[in-house]
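Take a look at the structure set out below.
Worth knowing before you read on, the calculation uses all heavy atoms, side chains too, and leaves out hydrogens, waters and symmetry mates. Residue numbers start from 1 in every chain, and the chains themselves are labelled A, B, ... in the order their sequence lines are given, proteins ahead of strands. Keep in mind it's a predicted model, so treat the numbers as computed, not measured.
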Amino acid sequence: MKRAAAATTALISPCAAMRRGAGIAATCSRRKSEMSQSQQKDGNKGAGKGEAFVTAITPQSEDFSRWYLDVVRRAELADYTMVKGCMVIRPYGYAIWERIQHLLDARLKATGHVNAYFPLFIPESLLMKEADHVAGFAPEVAWVTHGGSEKLEERLAIRPTSEVIIGTLYAKWLQSWRDLPILINQWANVVRWEKVTRPFLRTTEFLWQEGHTAHETEAEAEEETLKILQVYKEFVETELAMPVIEGRKSDSEKFAGASKTYSIEALMGDGRALQAGTSHNLGQNFAKAFDIKFQGRDKVEQHAWTTSWGVSTRLIGGLIMVHGDDSGLVLPPNIAPYQVVIVPIPRGNWQETVLPPAQAIRDQLTAQGVRVMLDARDAYTPGWKFAEWELRGVPIRLEIGPKDIEKGQVVLARRDTREKQFVPMADLLPQVSQWLLDIQAGLLEKARQLREERSHYTESYEEFKALMAGARPGLIYAPWCDDAVVEAQVKTETQATIRNYPFTAPSAEGKACFVTGRPALVMACFAKAY
RNA sequence: CGGGAUGUAGCGCAGCUUGGUAGCGCACCUGAAUGGGGUUCAGGGGGUCGCGAGUUCGAAUCUCGCCAUCCCGACCA
């Protein structure tokens, strides 16, 4: 009888999560009846079924975009504000960002970079110095025109990126080849006046890391650009468990003002690609525009070779879309704010009987460097907490109740596979450590497999069109003539863009371009992109 | 920036056609019993109906304008 009541409540939640829109009411009631059947079938063995535990989110299959927004809000990663296109990153979301900062910053330091902070405001005249750069960013710059009530002599741009201000300072600091390389990174916010925004994926203001380096030779700048791309790839795959494809951008997708742009690209759960990081070789373009010069070993004054590179809070969006499922977030242990959540099972005077052992376990795990949350709130039932922490993607749940204490064990449950296990207290630490490793590796592997399933190779534009028209288009590799006009045509006809020219791909040698039939110059990876 | 939809309590919605001073579910607060997959009962608090004008004795409801959000397209980490 308790069961029936529980089912009823579970059924109401999906409707509660629904948003505006006429079609939704019908959808909701349809799902209601489906759910009540499965719920009843599950009976008391619900724990083994591994589905529909969390019901407050729109299923991915029904509407991926809505699913994404539901997860962002229900998991309390971010919320909307009164400022158009600007979101709050809530504590749980910000904790993920802090993990990203922590893990990436260590890598940047290890490769010789140091952090600094440059101004938010950029004088208009500075921004105008590099022609391509201006053209690229002009449409999305926010301007400050007044200080208090007084109009400014010169407008100030709120940085959309910092190449120009940093370049100006580099010009001031650089004298000799002995000053090189300059390897500076900054963690900052930037503003781009976007027309369409989505939490994490594209917001008016966002947080990122931008590295800016200056080098003595072209080769060194290229080496730096590629080194960082590798750092990004290793970081994203190791810590976020997001497999990425590294490669060079086509000229039309290049950063405004760069000689060459490289990117890492990830495939999302809905078959669209997300640019997860970029690294630019700026050549001498900015050095010439901003007078970044030095006297060389040969006594001749010359322009430096510069690079810039960045990853942003967009990575969090990628994380959600790569690993998440219909129950919500699934976080890789390495970036999860909490790796283990302990849910005590309250019975009788549980505060005296169950809570102390739970606290002891928390302390024990914490001492081993595991990030633990003990959810001792009395107002919620265990079942409610299970669902809540699943929605928030915590990798491992640890249940401990009177029966477990009697038997000297706990219950562990994995978020990714939903596997549930009784573990003797003595084995707890090694088991948790092992599972954290398994989950981290498992998520990467699963994402890789999914990407392989959704990767195609074709030499036929007809097949290309058919694939791109599918529900989950994925990645398509194709031999390519490298012509921007044809690229634009493909985009118009199929919505697909070139993500990059992958470093590791079948050779285009001797192939014909899949659109024009002309000799292929390169292998391109196409996808519909975010 | 173009096309479409929506805006009523924290969230999801009803009320609008036919104007008469706002309601439901969840959430929240209090108390009790519960507690191993979103617990139950009882009591309670919360809304200048997105904003601004207009019509009217009277507007959530009718008219106009603006704003925001979501979806679909053109531009972008």
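Of the residues in residues 187-212 of chain A, those placing a heavy atom less than 4.0 Å from an atom of RNA chain B are A:R192, A:E194, A:K195, A:V196, A:F200, A:L201, A:R202, A:T203, A:F206, in numerical order.
B:A59 and B:C41: their C1' atoms are spaced 41 Å apart (whole Å). A distance of about 26 Å separates the C1' atoms of B:G65 and B:G73, rounded to the whole Å.
Interface remark: the A:Q495 side chain does not form any donor-acceptor pair with the B:G73 base, using a distance-only criterion of under 3.5 Å.
Checked for salt-bridge contact, A:E76 and A:R392 meet the test: a charged N lies under 4.0 Å from a carboxylate O. Ionic pairing of A:R397 and A:D375 is not present here: no N-O contact between side-chain nitrogen and carboxylate oxygen is shorter than 4.0 angstrom.
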Go through it in stages, so that I can follow the logic: the residues are A:K249 and A:Q275, the test is side-chain hydrogen bond (donor to acceptor under 3.5 Å, both in side chains), and I'd like the CA-CA distance, side-chain angles, deciding distance and then a yes or no. CA-CA 11 Å; A:K249 284 290 196 183; A:Q275 179 173 302; 2.8 Å; yes

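Of the side-chain N and O atoms in A:S65, one or more sit less than 4.0 angstrom from OP1 or OP2 of B:C71. At the phosphate of B:A27, neither OP1 nor OP2 sits under 4.0 Å from any side-chain N or O atom of A:Y380. At B:G36, none of the side-chain N or O atoms of A:K420 fall inside 4.0 Å of OP1 or OP2 (strictly under the cut-off). Within the structure, every side-chain polar atom (N or O) of A:T381 is placed at least 4.0 Å from both OP1 and OP2 of B:G35. Considering only side-chain N and O atoms, A:K385 lies nowhere under 4.0 angstrom from the phosphate OP1 or OP2 of B:G38.
Within the cation-pi definition used here (under 6.0 Å to the ring centroid, within 45° of the axis), A:R272 qualifies as a partner of A:Y530.
Nucleic acid contact for A:R397: base, since at least one base atom lies under 4.0 Å from a heavy atom of the residue. A:G317 comes within contact range of no nucleotide atom at all, as no heavy-atom separation falls under 4.0 Å. In this structure, A:D63 reaches neither bases nor backbone, as no heavy-atom distance under 4.0 Å exists between it and the strands shown.
In terms of the ring pair (Phe, Tyr, Trp, His ring centres under 6.0 Å) criterion, residue partners of A:W187 (sequence neighbours excluded) are, by chain and number, A:W97.
B:U63 is paired with B:A53 under the Watson-Crick or G-U wobble criterion, all donor-acceptor distances under 3.5 Å.
Of the two residues contacting RNA chain B, namely A:I345 and A:K491, the nearest-nucleotide position lying further toward the 5' end is that of A:I345.
The backbone N or O of A:L104 lies less than 3.5 Å from no partner atom in the side chain of A:Y232, so there is not a single donor-acceptor pair.
Side chain of A:R73, nearest nucleotide from B:C11, B:G36, B:G37: B:C11.
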